[in-house]
Amino acid sequence: MRGLIVLVILAGCGGGNDLTCAVLADPGNCWASAAAQVAACLPMRATPATLSADRTACNFADGSSVHFDTPLPTSTTQLTGLAFDITGAGCSARFVDRFHIRLELTVEGKTVV
C-alpha cells in the first residue's frame with residue numbers, strides 16, 4: 001500500500017498541468033495533498049495487512065481496509081489495471097489506475113487526475 005501512495009505522489013497533478021520538476025518539488029501539489037489525506041486514513045499502513053483468501057481485500061488490525069474491484073492476480077504480468085477503495089476510521093478514498101497513463105485518486109469527494 002505504501003508503494004501505491006508514493007506512486008500517486010509522483011504522478012503529478014491533473015487538470016492539464018504538466019508534470020514538471022517544479023510540480024514534484026512542491027510539497028503542496030494536488031497529488032501530495034491527496035496522498036497525505038490517504039496516508040492519514042490508514043494509520044497502520046506501516047504494518048502488514050492480511051490479504052483475504054479471495055484476494056479482494058487487505059485488512060488491517062485496526063479495522064482499516066483496502067477493497068479491490070477485482071481480485072488481485074497471482075502474477076503481476078496478469079495485472080491489467082488496479083482500482084480499490086480504502087476505508088479507515090472516519091475516512092475513505094478511491095484509487096483507479098487502468099494503466100493508460102491516467103491515475104485517479106478521490107479523497108473526501110475530491111478527485112485528482
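Here, residue 1 is the first one in the sequence, and each next residue gets the next number. Note: hydrogens, waters and symmetry copies are ignored here, and every other heavy atom, side chains too, is used.
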Which residue pairs pass the salt bridge (Lys or Arg N to Asp or Glu O under 4.0 Å) test with at least one member in residues 76-94, sequence neighbours excluded?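 Every salt bridge (Lys or Arg N to Asp or Glu O under 4.0 Å) pair that includes a residue of residues 76-94, provided the two are not neighbours, is Asp69-Arg94, Asp85-Arg94.
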
Pairs touching residues 101-113 that satisfy salt bridge (Lys or Arg N to Asp or Glu O under 4.0 Å), sequence neighbours left out: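 Non-adjacent pairs meeting salt bridge (Lys or Arg N to Asp or Glu O under 4.0 Å): Arg102-Glu104.
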
How far apart are the closest heavy atoms of Pro43 and Ser64, and which atoms are they?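 Shortest heavy-atom separation between Pro43 and Ser64 comes out as CD-OG, 4.4 Å.
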
Kindly give the heavy-atom pair with the smallest separation between Phe99 and Asp97, and that separation in Å.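 Residues Phe99 and Asp97, closest heavy atoms: N-OD1, 2.8 Å.
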
Taking atom [atom1] of [X] and atom [atom2] of [Y], what is their separation to the nearest 0.5 Å?
{"X": "His67", "Y": "Ser92", "atom1": "NE2", "atom2": "OG", "value": "11.5 Å"}
{"X": "Asp26", "Y": "Ser33", "atom1": "CG", "atom2": "OG", "value": "8.0 Å"}
{"X": "Asn59", "Y": "Leu51", "atom1": "CG", "atom2": "CG", "value": "9.0 Å"}

Indicate every side-chain donor-acceptor pair of residues 70-80 with a distance under 3.5 Å to a residue at least two apart or in another chain.
residue : atom : partner : partner atom : Å
Ser75   : OG   : Thr77   : N            : 3.2
Ser75   : OG   : Thr77   : OG1          : 2.8

Quick one: are Thr50 and Phe60 in side-chain contact, heavy atoms under 4.5 Å?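 Sidechains of Phe60 and Thr50: no contact.
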
Tell me, do Thr111 and Leu105 make a side-chain contact under 4.5 Å, heavy atoms counted?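 No, their side chains stay 4.5 Å or more apart.
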
Residue pairs passing the disulfide (SG to SG under 2.5 Å) test where at least one lies in residues 42-80, sequence neighbours excluded: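 For residues 42-80, and leaving out neighbouring residues, there are no disulfide (SG to SG under 2.5 Å) pairs at all.
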
Under the side-chain contact (heavy atoms from CB on, under 4.5 Å) rule, what do Thr106 and Phe95 come out as? Steps first, then yes or no, please. CA-CA 6 Å; Thr106 303; Phe95 177 80; over 6 Å; no

Kindly say whether Met44 contributes a backbone atom to a donor-acceptor pair with the side chain of Thr47 at under 3.5 angstrom?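 Pair found, side chain donor or acceptor close to backbone of Met44.
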
Contacts of Ser52 that satisfy side-chain hydrogen bond (donor to acceptor under 3.5 Å, both in side chains) - sequence neighbours left out: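 So Ser52 forms a side-chain hydrogen bond (donor to acceptor under 3.5 Å, both in side chains) with Asp54.
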
Same apolar cluster: Val38 and Val96, side chain cutoff 4.5 Å: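 In one cluster: no.
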
Kindly write out the residues that satisfy salt bridge (charged side-chain N to carboxylate O under 4.0 Å, His left out) with Asp62, not counting sequence neighbours, or none if the list is empty.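 Scan of Asp62 (salt bridge (charged side-chain N to carboxylate O under 4.0 Å, His left out), adjacent residues dropped) gives none.
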
For Cys41, check disulfide (SG to SG under 2.5 Å) against everything at least two apart and list the hits.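 Cys41 satisfies disulfide (SG to SG under 2.5 Å) with Cys91 once adjacent residues are dropped.
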
